[in-house]
Trainee: 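Would you mind keeping the following structure in view while I ask a few things?
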Amino acid sequence: QVQLVESGGGLVQTGGSLRLSCAASGGTFSSYAMGWFRQCPGKEREFVAAITWNGGHAVHADSVKGRFTISRDNAKNTVFLQMNSLKPEDTAVYYCAADHGGWGSRLVEAYDYWGQGTQVTVSS
């Protein structure tokens with residue numbers, strides 16, 4: 001059983017930056033691909049970014065490409081999401097997720113474990 005705990009969310013103005021962290025425990029972190037997703041009230045959870053087990057390959061949603069960057073530190077069992085040039089439409093609860101043996105899928109159903117989420121609010 002893997003536990004994931006997100007942190008780093010908050011309130012920021014348009015154009016600002018935040019860095020989300022997701023600390024993992026209870027499993028072999030390097031055996032998991034990791035992903036970030038976000039969800040707004042009344043909407044489905046949507047893919048943001050994912051990274052392979054060794055950080056060798058990362059993918060980002062078109063809506064965040066060039067602004068957000070996913071990375072990971074296997075020595076610290078942590079995955080990060082650096083968010084720059086934030087826009088009001090980035091406002092959502094952000095979740096990290098772990099996919100055992102995966103390759104960094106864009107699909108919610110590919111992931112085995114989820115964190116509790118962290119709120120990001122971008123004011124205009």
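No experiment lies behind these values; they were computed from the predicted model shown. FYI, the numbering just counts along the sequence from 1.
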Trainee: If hydrophobic clusters are built from ILVMFWY residues whose side chains come within less than 4.5 Å, do V64 and V59 share one?
Mentor: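 Different clusters.
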
Trainee: Between L11 and S123, is any pair of side-chain heavy atoms under 4.5 Å apart?
Mentor: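 Sidechains of S123 and L11: in contact.
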
Trainee: Quick one: do K87 and D90 make a salt bridge, cutoff under 4.0 Å?
Mentor: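 So K87 does not pair with D90 through a salt bridge.
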
Trainee: For G56 and N54, which heavy atoms make the closest approach, and how far apart are they?
Mentor: N-OD1, 2.9 Å

Trainee: What's the spacing between S63 OG and E89 CD if we round to 0.5 Å?
Mentor: 9.0 Å

Trainee: So, for R38 and A92, which heavy atoms are closest and what is the spacing to 0.1 Å?
Mentor: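 Here R38 and A92 meet closest at CB-CB, 3.8 Å.
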
Trainee: First locate atom CZ of R72, then atom OG1 of T52, and finally report the distance between them rounded to the nearest 0.5 Å.
Mentor: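 The distance works out to 7.0 Å.
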
Trainee: Which pairs of donor and acceptor atoms, one on a side chain in residues 99-106, lie under 3.5 Å apart (sequence neighbours left out)?
Mentor:
{"unit_1": "S105", "atom_1": "OG", "unit_2": "L107", "atom_2": "N", "d": "2.9"}

Trainee: Is there side-chain contact between V79 and W36, with heavy atoms separated by less than 4.5 Å?
Mentor: yes

Trainee: In sequence, state the C-alpha distance, the side-chain angles, and the governing distance for Y95 and L4, and then conclude on side chain to side chain contact (heavy atoms under 4.5 Å, CB included).
Mentor: CA-CA 9 Å; Y95 299 89; L4 302 172; over 6 Å; no

Trainee: What are the two closest heavy atoms between M83 and V120, and how far apart are they?
Mentor: CE-CG2, 3.8 Å

Trainee: Roughly how far, to the nearest 0.5 Å, is the CD atom of Q82 from the OG atom of S21?
Mentor: 9.5 Å

Trainee: Roughly how far, to the nearest 0.5 Å, is the CD atom of E6 from the CG atom of L81?
Mentor: 11.0 Å

Trainee: Report the distance from atom OH of Y111 to atom CH2 of W114, rounding to the nearest 0.5 Å.
Mentor: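 Spacing of OH (Y111) from CH2 (W114) equals 7.5 Å.
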
Trainee: Looking only at non-hydrogen atoms, find the nearest pair between S17 and N84 and report the distance.
Mentor: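 In terms of heavy atoms, the two residues are closest at OG-OD1, 2.9 Å.
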
Trainee: Quick check on K76: does its NZ atom have over 12 non-hydrogen neighbours (other residues, nucleotides or ligands) under 6.0 Å away?
Mentor: no

Trainee: Can you list the steps and then say if T118 with V93 is a side chain to side chain contact (heavy atoms under 4.5 Å, CB included)?
Mentor: CA-CA 5 Å; T118 185; V93 177; 6.0 Å; no

Trainee: Could you see if V108 belongs to whatever hydrophobic cluster contains L20? Use Ile, Leu, Val, Met, Phe, Trp, Tyr and a side-chain cutoff under 4.5 Å.
Mentor: no

Trainee: If we only count heavy atoms from C-beta on, is the Q1 to Q3 side-chain gap below 4.5 Å?
Mentor: yes

Trainee: If a pair satisfies ring pair (Phe, Tyr, Trp, His ring centres under 6.0 Å) and one of its residues is in residues 39-80, list it, with sequence neighbours excluded.
Mentor: F37-F47

Trainee: To the nearest 0.5 Å, tell me how far L86 CG sits from T14 OG1.
Mentor: 8.5 Å

Trainee: Considering non-hydrogen atoms only, spot the tightest contact between S30 and N74 and give its length.
Mentor: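 The answer is CB-ND2, 3.7 Å.
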
Trainee: What closest approach, in Å, do I51 and S71 show between heavy atoms, and which atom pair accounts for it?
Mentor: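 Minimum heavy-atom separation between I51 and S71: CD1-CA, 3.7 Å.
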
